[in-house]
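For the single chain, residues carry numbers from 1 onward in sequence order. We count ligands from 1, going down the list as the structure has it; atoms in each ligand are counted the same way.
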Amino acid sequence: MHIVSKITELQLNHPFKIARRATDAYRQVFSVELDGGIGEAAPALFYGETVQTVATALETIAPALEVTKLDAIQDVMADIETTLGGNYAAKSAIDMALHDRLGKKLGIPLYQLWGLNPQKTRYTSFTIGLDEPEVMAAKTRHAEAYPILKVKLGTPRDIEIIQTLRDITDKPIYVDANTAWHPKEAVRKIQELARYGVELVEQPTKPGDLVGLKFVREHTELPIIADESIKRASDIPALAECVDGINIKLVKCGGLLEARRMIHVARAHGLLVMLGCMIESSLGITAAAHLTPLVDYADLDGNLLIANDPYTGVTLDKGKLILPKRPGIGVQPRRNL
Ligand code: MG
């Protein structure tokens with residue numbers, strides 16, 4: 001079996017900050033090539049993974065992989081799930097490489113492999129990281145090319161931030177509190193945010209506090225989207241009454257196969273679906289973008305926040321995700337890097 005792996009340091013265009021984490025200047029991603037297919041993991045310490053744990057997981061998984069059986073992605077991933085607990089970012093990199101490999105082998109892009117209409121991709125939101133209100137305003141001015149903003153909140157100045165941004169833009173705004181608020185504080189702030197034309201609120205409260213989420217949902221009008229509270233399809237039934245939608249990320253759930261399962265389970269529960277990302281290269285972002293014909297919201301801007309993207313893949317037309325037509329995920333190494 002031909003397996004090559006690599007750790008890449010992605011340099012951020014601007015230092016990036018959210019409610020619970022200090023400013024970052026770079027992020028590490030782990031990429032793997034598996035019999036011609038490529039995949040990437042952008043592990044998050046919040047979910048207990050680093051590029052080192054991903055590397056170790058891959059070493060554990062690799063000996064059991066047999067080239068002749070790789071087409072049956074469902075089986076491969078089920079086997080991995082029984083031999084290795086957790087490690088969902090690592091599993092996502094392998095799942096992604098398997099999908100890329102199969103698409104390339106069949107000569108078709110992933111969206112076609114799944115029978116999806118590439119015209120029905122979504123417009124991605126563009127993230128404005130936490131900072132002083134005037135700095136966030138400057139970032140918003142620089143984000144002119146993107147028609148939807150996702151604003152990170154979770155500070156004593158939340159309302160002031162939104163007021164400042166509303167003074168300079170009438171674009172749709174999603175708000176992400178990244179678990180920062182107490183339920184009553186969330187209700188108070190969301191009622192206020194609704195007056196500024198905010199369209200939805202992501203993860204207002206602590207991840208394990210489903211009662212808190214439900215309280216917020218019942219006392220506010222804006223759609224409440226769970227992110228840190230939801231990882232995999234099996235989490236959905238318990239959450240379905242507490243929120244209006246879920247944010248699916250490949251590194252949380254373990255890859256494209258589980259992400260598709262989650263979308264269908266979420267729909268069966270009447271939930272909205274957002275497809276999100278970490279800060280990752282165009283490899284991970286493009287893989288996720290192939291699923292966007294199935295979802296309501298795309299927040300796939302991780303590749304737009306980095307200065308040294310090793311790949312080209314999905315592009316944007318006034319914010320709308322345009323999928324590459326090449327086989328598999330469809331990314332190519334970027335020249336002149
Ligand atoms: Mg989020």
Could you go through residues 322-329 and list every donor-acceptor pair under 3.5 Å that involves a side-chain atom there, pairing it with any protein atom two or more places apart or in another chain?
residue	atom	partner	partner atom	Å
R326	NE	G330	O	2.9
R326	NH2	G330	O	2.6

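Contact check for L12 versus I306: side-chain heavy atoms found under the 4.5 Å cut-off. A heavy-atom distance below 4.5 Å is found between the side chains of M1 and L70. Side-chain contact check for H99 versus L257: some heavy-atom pair is nearer than 4.5 Å.
Side-chain contact check for D301 and T124: no donor-acceptor pair (N or O, by modelled atom type) lies under 3.5 Å. Between the side chains of Q203 and S229, at least one donor N or O sits under 3.5 Å from an acceptor N or O.
The tally of protein N/O/S atoms under 2.8 Å from the Mg ion (ligand 1) stands at 3.
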